[in-house]
Amino acid sequence: MSDTHAQTQPFVRGEMLPESEPPLAEKGAVKWLRENLFSGWLNILLTVVSLYVIWVVLSTVVPWTVLGIWDADSLTGCREIRDARYGEGMEVACWAVIADRWQQLLFGFYPRDLYARPVLALLVFFAGIAPVLFTGLPRKLLWGSLAAPFVMYWLLWGGSIWGPIVVALGLAVGALAFQVGNRAQGALLGGILAIVVPILYWLFLAGPLIRALASVLPIGIEFVPSDDFGGFMLSFIIGIAGITLSLPLGILLALGRQSDLFIINKVSVAFIEIIRGVPLIVWLFTASLLLNYFLPPGTNFDLMLRVIIMVTFFASAYIAEVVRGGLAALPKGQYEAGDALGLDYAKSMRLIILPQALKIAIPGIVNTFIGLFKDTTLVVFIGLLDPIGLSNSIRATTDWNGIYWELFVFIGILFFICCYSMGRYSLALERKLTRENR
Amino acid sequence: MSAISHEPQAGGFRLSQLIYDTRYRSLTIQVVALILLVLGLSWLVSNTVQNLEALGKDFDFGFLTQPAGYDINQRLIEYDSQMSHGRAALVGILNTLLVALLGCAAATILGVFFGVLRLSKNWLVARLAAVYVEGFRNVPLLLWIIAIFAIMAEGMPQPRDFREGGGASMLVGDSVAVTNRGIYIPNVVFTRSLGGNEVVAPEPEEPDDAGTTGVASGTYGGSRIATGGAGVSTGQDDQDAADARNAQSAAGEDDAAEGEIVPSSSALDWLVVLGLLVLGIIAARMVTAWAKRKQEATGKRPRTLWINLALILVAPAIALFLLGAQFDYPVLGGFNFDGGVHLRNSLIALWFALSLYTGAFVAEIVRGGILAISKGQSEAAFALGLRPNRTMRLIILPQALRVIIPPLISQYLNLTKNSSLAIAVGYMDARSTLGGITINQTGRELEGMLLLGLFYLVLSLVISSLMNVYNNSVKLKER
Amino acid sequence: MTATDIETERHIDRSAMTVSDEVAIEIRGMNKWFGSFHVLRDINLTVYRGERIVICGPSGSGKSTLIRCINRLEEHQQGDITVDGTLLSSDLKNIDRIRSEVGMVFQHFNLFPHLTILENCTLAPIWVRKVPKKEAEATAMHYLERVKIPEQAHKYPGQLSGGQQQRVAIARSLCMNPRIMLFDEPTSALDPEMIKEVLDTMIGLAEEGMTMLCVTHEMGFARQVANRVIFMDQGQIVEQNEPEEFFNNPQSERTKLFLSQILGH
Amino acid sequence: MTATDIETERHIDRSAMTVSDEVAIEIRGMNKWFGSFHVLRDINLTVYRGERIVICGPSGSGKSTLIRCINRLEEHQQGDITVDGTLLSSDLKNIDRIRSEVGMVFQHFNLFPHLTILENCTLAPIWVRKVPKKEAEATAMHYLERVKIPEQAHKYPGQLSGGQQQRVAIARSLCMNPRIMLFDEPTSALDPEMIKEVLDTMIGLAEEGMTMLCVTHEMGFARQVANRVIFMDQGQIVEQNEPEEFFNNPQSERTKLFLSQILGH
Amino acid sequence: AQTLDDVQSRGNLNCGVTTGLVGFAAPDANGVWEGFDVAVCRAVAAAIFGDPMAVEFVPTTGQTRFTALASGEIDLLARNTTWTFTRDTDLNNEFVGINYYDGQGFMVPRDLGVSSALELDGATVCIQTGTTTELNLADFFRVNNIEYEPVPIETNAEAQQQYLAGACDVYTTDASGLAATRATFEDPSAHVILPEIISKEPLGPLVRHGDNEWGDIARWVLNALIAAEELGVTSANVEQLAEEGTDNPEINRLLGVEGELGAMIGLSNDWAVNAIAAGGNYGELFERHIGESTPIGLARGLNAQWTEGGLLYAPPFR
Ligand SMILES: Nc1ncnc2c1ncn2[C@@H]1O[C@H](COP(=O)(O)OP(=O)(O)OP(=O)(O)O)[C@@H](O)[C@H]1O
Ligand SMILES: Nc1ncnc2c1ncn2[C@@H]1O[C@H](COP(=O)(O)OP(=O)(O)OP(=O)(O)O)[C@@H](O)[C@H]1O
Ligand SMILES: [Mg+2]
Ligand SMILES: [Mg+2]
């Protein structure tokens with residue numbers, strides 16, 4: 001029995017068929033509508049329900065927003081204008097409170113004529129963060145990133161220029177100590193010295209040095225106490241300070257958690273788990289109620305600083321987990337290649353592992369920052385005047401007592417804009433990373 | 001290099017080995033770290049001791065047994081202002097657990113719902129779902145909690161609007177009242193309660209007037225306490241009831257049997273009902289297993305839906321009947337509704353806000369999980385002849401769940417921790433009782449915060465260890 | 001594309017490879033659009049029971065789309081497709097009937113990673129055909145033996161090599177006792193050594209007289225096994241012929257160009 | 001594994017391939033366990049300066065582990081390893097000294113993807129040997145020319161083909177002026193065309209008299225370049241011999257079996 | 001004297017206030033804090049530095065206020081805080097006087113028709129947490145054996161919003177707060193403050209235990225303000241009186257014309273002049289911030305001078 005080819009009729013197409021238009025139902029707006037909105041009973045129902053929801057929301061919100069009153073100097077004024085304009089009983093927004101207090105909501109009680117300084121500080125922040133986020137920029141700019149926190153501090157708080165400079169010198173002292181130790185006894189001693197010497201310097205030498213320099217060469221700008229900080233500026237400062245300060249700590253914790261040294265590993269794990277296991281608000285109360293107990297009797301620094309310390313600890317636990325993810329994503333071969341070339345632990349971390357791991361971790365870090373930024377609103381519970389706290393104080397003035405939604409809407413929109421754009425950014429970054437890794 | 005030149009391993013131990021020998025080096029580092037750690041900790045402790053001394057405070061948990069003095073409206077166990085701070089803390093802890101549990105459940109439902117909607121083919125619906133997700137994710141939770149609390153207070157009718165001509169009416173056949181103080185739903189009470197029923201002679205007044213006096217409104221006290229309570233009872237209700245009874249028996253020659261049985265509920269009743277429910281579920285699972293065996297044997301799977309429903313529902317229903325279950329409907333009293341179960345605004349607002357906020361994150365997780373399952377999987381299933389719903393159940397869900405559950409549980413963790421924002425709406429959770437009023441009234445910050453932190457820590461660790469167990473059990477086998 | 005040279009050695013038993021007069025698949029004037037893009041243009045094709053048809057053509061010419069239309073993984077917009085006498089319409093029952101007649105093997109295997117090999121194979125028989133589990137497992141083991149990997153039955157897909165996975169995918173389809181098998185580039189995601197295993201399995205199927213439609217660029221396979229080769233370009237069937245004729249004496253310019261490219265390597 | 005046939009054509013210059021009496025590596029009674037699993041059992045091996053040793057054996061036989069022990073990527077538990085006169089102990093200084101004497105090339109190249117090719121090559125000289133940057137770059141360019149990719153110096157590893165990456169990995173090792181090179185299946189992750197480039201580079205190294213230990217299954221390379229072939233199985237050295245003898249006249253049964261498999265394809 | 005030294009070397013006074021309570025403390029559009037409590041801080045600062053603006057205001061919540069004081073974050077807490085036994089003793093504070101005699105009251109919508117707190121059985125009551133009001137409320141209802149439903153709220157603004165929306169029938173807080181809140185309602189006359197005052201709420205500034213000198217300064221600045229009203233010294237005439245002297249020896253001692261009172265508490269002799277000039281005497285402050293001419297419109301009531309039938313009674317300056 002052989003193969004039967006009986007039915008196989010050779011066929012050759014003489015002329016190629018041209019492309020033709022799809023049937024009507026397959027193109028244009030009709031198709032779009034049919035596929036996207038009305039492709040079945042369920043879908044039609046969903047579309048109708050959605051339209052209804054949109055209508056209900058918009059029909060209440062839009063008139064309230066659009067007809068809102070901008071020109072009044074108190075809630076009573078608003079109500080009078082409203083009654084005159086739209087007749088009684090009409091609910092419209094009283095945006096006048098925003099017009100009156102927007103500066104306060106943004107900058108707190110920061111002196112008006114110095115508003116340029118926080119804005120400049122924000123720009124410095126962006127300039128400092130750029131080389132971290134965009135790896136294409138020259139590496140030299142990273143020195144600028146290192147200087148940025150000190151410049152920002154000086155711009156925000158002002159005062160003598162020597163404070164930030166002398167404190168920043170501590171880093172140089174640390175680097176020097178490391179070099180000396182490294183020469184003398186190797187990286188281990190260098191590492192220990194690099195931690196201990198700057199701490200001693202900051203504790204005992206920095207203060208007198210600042211005072212001496214300030215009395216010899218009093219250069220400085222107007223000092224602004226942290227009690228004057230508030231509004232979105234406060235949220236930004238706490239958020240940014242938290243995330244930048246927590247980065248080094250978070251990296252150390254991540255390395256500690258990866259380490260096979262039992263004690264270091266367990267201490268890191270315990271720190272991370274304890275911090276993450278307890279809500280931020282409890283930590284904030286700790287900052288406000290307890291932190292002073294743990295410090296030497298008599299020390300007392302302002303609440304904002306204490307909050308920043310607590311937030312830094314809090315953020316560092318989260319950063320540690322993000323960085324750990326980055327470390328884990330690196331193939332083992334990278335570690336081994338470093339070892340095989342004779343690089344020691346510190347060098348292979350610094351030159352090979354961390355640059356790669358941090359790059360992978362950036363989207364996660366940005367997301368942590370978004371979370372932290374939103375969480376800064378919790379400081380209202382310990383009496384700091386963040387936007388929500390300020391909205392309470394604004395309501396406590398006789399002019400604006402009784403105003404409610406307008407402030408929340410304003411605050412909500414500002415938060416939304418910030419967080420949404422950062423979220424988009426981190427998403428784009430993530431996509432770019434996955435593309436590159438392919 | 002010529003000959004082998006290594007020095008013979010000296011038997012003795014040299015100090016430089018501490019640094020250069022890999023075996024000792026790690027030990028050295030750890031000992032140094034340990035010393036630093038101990039130094040740091042002891043520094044903190046000694047500071048604390050000194051500071052406490054300077055302030056004349058001590059470290060003492062005795063305050064937990066002292067009377068709290070404040071009232072808590074929302075409580076799952078009996079509590080009044082004369083009970084101890086410890087008891088108040090327990091009430092708060094249970095409240096935290098309650099809202100966390102409710103929140104996790106609702107956030108899951110919302111998240112799955114909106115996650116699926118975001119994948120909907122309907123453009124409008126997908127967009128709306130995206131607006132929900134982005135809106136809630138990008139605005140601080142605190143703002144949402146406050147806003148929802150305020151919307152509920154302003155948007156819902158007041159109890160007094162339910163009076164004649166007030167413009168509001170109760171739902172579901174006059175059994176549910178949605179007010180701006182919360183939602184009142186019917187409560188189930190028993191005329192033959194296992195906890196025993198009180199017998200009271202018929203009230204001389206018209207029932208309509210009931211609720212305006214302390215005695216009458218106190219008669220439902222038992223049910224309130226068991227279900228979260230409608231209000232703060234001053235601890236004298238039992239006394240009142242007893243007085244009323246005494247007065248009754250003293251005044252009238254009527255036999256107690258002719259009196260009216262006051263329906264009530266006790267923990268025992270609910271234990272019985274719940275027990276039967278659990279038994280029913282176990283039986284239903286056994287039926288399902290039987291159906292599975294049957295299918296394996298014959299290929300046909302018996303329909304078990306109705307059998308299961310019956311198994312689960314019938315026994316508890318009979319129990320309810322035997323116990324003389326009846327609804328205790330909320331009725332408009334003096335200022336508020338009386339009777340029924342009162343779900344307070346603070347609870348509802350916190351619950352809503354937490355679940356809406358977390359739900360937005362869950363929606364993204366669900367969406368990601370479903371998208372992570374390649375289209376090829378469903379195509380392969382279709383090509384084998386499986387219907388879409390079977391494909392979903394047998395192919396897509398089991399795979400998506402592995403992707404979804406770990407981040408989902410960490411969202412649960414976040415929700416639990418975020419429930420501490422209860423402070424914004426005055427929901428009396430652990431932070432508000434133990435970490436709030438108690439600390440404030442007793443001045444025991446250190447002890448209170450320590451206990452509070454410990455509570456959250458233990459809770460988190462329990463949840464995350466559950467997660468690890470799960471993760472290990474579903475790991476995909478790879479080469 | 002040299003891996004198939006190995007096949008030249010294998011002796012193929014053609015005894016069961018008979019083509020009957022019975023029509024297995026009939027496609028009449030079929031057109032399909034993706035949006036406004038005309039993917040398939042006026043496709044007419046009759047497949048008789050027992051035929052082994054290889055479809056080839058440049059990438060994007062609509063080969064996959066064509067065979068995916070046959071079991072309704074894609075919907076066509078014009079024309080009729082009749083499979084085993086059942087007209088493919090949006091009637092769910094017909095779709096079910098057709099899908100249980102037609103097995104399909106994908107380029108990327110699409111095994112279910114959360115189920116063992118055995119469970120992968122028994123899933124559809126149990127839930128679609130309502131076969132008792134025991135029986136389904138026996139059948140599954142039978143086919144797993146047929147594709148030479150019975151010993152892997154209790155492993156998970158992730159633990160198998162690509163070639164083994166593709167053979168499981170074939171076994172999984174076979175467990176539904178399909179009368180027609182569709183293959184969409186079953187070997188193109190595989191390493192050369194593994195291609196052989198899979199092609200061997202497919203040849204085995206052909207020897208047993210299975211009706212097969214196979215999108216593939218393995219020309220060795222086409223030469224030895226197919227009784228008809230179809231060349232598609234720009235959504236149309238440009239040429240079809242017996243393999244010998246097709247390869248040695250292509251008629252259309254396009255076919256010639258394509259063959260010169262594909263056999264060039 | 002037929003790709004090495006290509007090499008048979010190349011003329012190999014054996015003038016510098018001399019083996020001296022000097023001991024480069026000495027392994028005595030070495031044992032290693034992973035947990036309770038005994039991976040390496042009583043290994044004894046002396047490598048003289050200038051030797052080119054190929055290690056082969058079935059997967060899991062401990063080949064990689066053996067050469068990884070030589071530069072302490074793995075720690076051994078018993079026995080002595082002496083490299084260039086330095087005893088490999090837990091003393092960090094000795095480990096450092098040995099690592100800077102011994103270069104290693106991995107199966108998966110392990111280039112640093114965030115650094116350019118040039119930076120990959122200068123990293124270790126600059127940071128470990130403290131060579132000035134200029135000088136290090138000059139050396140690096142020298143070796144990059146040697147492996148025939150000087151023009152890629154400013155690209156990133158991701159932009160290179162596998163074969164080029166492996167050659168960079170070799171150049172990177174050479175930049176540290178190692179006296180001994182270890183190769184762990186340097187070609188097994190490469191496509192056949194690229195294997196040739198890399199083997200050529202390795203042959204070049206051998207011609208210059210580099211001491212080499214190479215885990216590979218490229219038997220052509222072994223035949224031409226190695227002066228000793230070691231066969232390992234189950235963590236033990238089962239047989240070692242000159243290549244001709246080893247291939248043509250294996251002694252042990254296991255070796256025979258292995259060779260039949262590996263030369264079989 | 002430690003605290004005074006610290007304050008002087010720092011150059012300003014750290015004063016704890018509320019995060020915002022109408023009439024008592026709130027920042028205006030320029031961020032300048034104003035209010036009745038704030039005025040106490042300003043007077044103390046003026047007494048020390050001669051400059052009423054040398055104050056840093058630290059907003060505190062009900063929860064954080066005592067710790068802020070105990071930890072030294074603030075030097076003086078002027079935040080409508082009720083003077084109670086435990087707060088004075090157990091919590092280690094030192095109340096330096098009373099600047100407002102208050103009591104806890106109830107406010108209800110007029111159309112509820114309630115005329116006495118005893119009719120509130122079953123009512124829902126909004127309270128601010130972290131204050132003594134919670135405890136008073138619990139006691140009041142317990143003693144009177146009536147039921148209520150407490151709704152604890154974190155801030156006054158929120159409580160006000162809840163009350164207006166009808167989420168609670170009753171709002172309870174200090175009577176002054178009730179009046180202040182009611183004043184800002186769209187229709188104040190639709191709400192009544194019930195006659196029952198269920199507690200004594202003596203509100204006053206406080207300092208830490210342990211630094212009696214510092215406590216003296218705060219105490220006597222407050223007394224100076226009260227005495228000034230009694231003696232007819234106002235911000236308008238204080239400079240003149242201080243310069244020219246009077247024939248009332250107590251005024252002279254108060255204003256430093258006679259004697260060395262200032263030195264006894266470690267301040268300059270014109271401390272009281274500065275304190276009074278800062279914002280006026282007690283009566284002036286009252287009128288300006290919470291008195292009947294303000295929207296808040298509180299009557300002096302108990303807070304009138306003892307000579308006018310009130311409770312204000314400054315000890316003699318001698
Ligand atoms: N779901 C889809 N939506 C829109 N266009 C599609 C879709 N699927 C396929 N196409 C397009 O239809 C054309 C035919 O695709 P098809 O996959 O059938 O080609 P093919 O011949 O199988 O190519 P290949 O050899 O690459 O698999 C291609 O141009 C492809 O881009
Ligand atoms: N880090 C490790 N922990 C535990 N076991 C290991 C580890 N590394 C390797 N092994 C085991 O040791 C044995 C030898 O591994 P090795 O990698 O040396 O084999 P090999 O001969 O190089 O094999 P291949 O040819 O597959 O690379 C294997 O059984 C392996 O599973
Ligand atoms: Mg295709
Ligand atoms: Mg290996």
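C/Lys134 NZ: 12 or fewer foreign heavy atoms inside a 6.0 Å radius. Heavy-atom neighbours of C/Arg28 CZ from other residues, nucleotides or ligands within 6.0 Å: above the threshold of 12. The number of heavy atoms from other shown groups lying within 6.0 Å of CZ (B/Phe352) does not exceed 12.
Side chains of B/Glu379 and C/Arg68 form a contact here, defined as non-hydrogen atoms less than 4.5 Å apart. In this structure, the side chains of C/Pro113 and B/Gln377 come closer than 4.5 Å at one or more pairs of heavy atoms.
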Problem set entry | Evaluation steps, side-chain contact (heavy atoms from CB on, under 4.5 Å), between B/Leu384 and C/Val128 | CA-CA 8 Å; B/Leu384 285 172; C/Val128 180; 5.9 Å; no
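Here the CZ atom belonging to B/Phe382 is positioned 10.5 Å from the CD1 atom belonging to C/Ile95, to the nearest 0.5 angstrom.
Contacts with chain B (heavy atom to heavy atom, under 4.5 Å) involve these residues of residues 96-106 of chain C, listed by number: C/Asp96, C/Arg99, C/Val102, C/Met104, C/Phe106. Listed in order of number, the residues of residues 389-399 of chain B that approach chain C to under 4.5 Å between heavy atoms are B/Arg390, B/Arg393, B/Leu394, B/Ile395, B/Pro398, B/Gln399.
At a 4.5 Å heavy-atom cutoff, the contact between C/Leu73 and chain B is made by side-chain atoms alone.
Taking chain C as the reference chain and counting heavy-atom pairs below 4.5 Å, the highest number among B/Ala381, B/Gly376, B/Ser378 is found for B/Gly376.
Listed here is the closest heavy atom pair of C/Leu92 and B/Arg387: CB-NH2, 4.4 Å.
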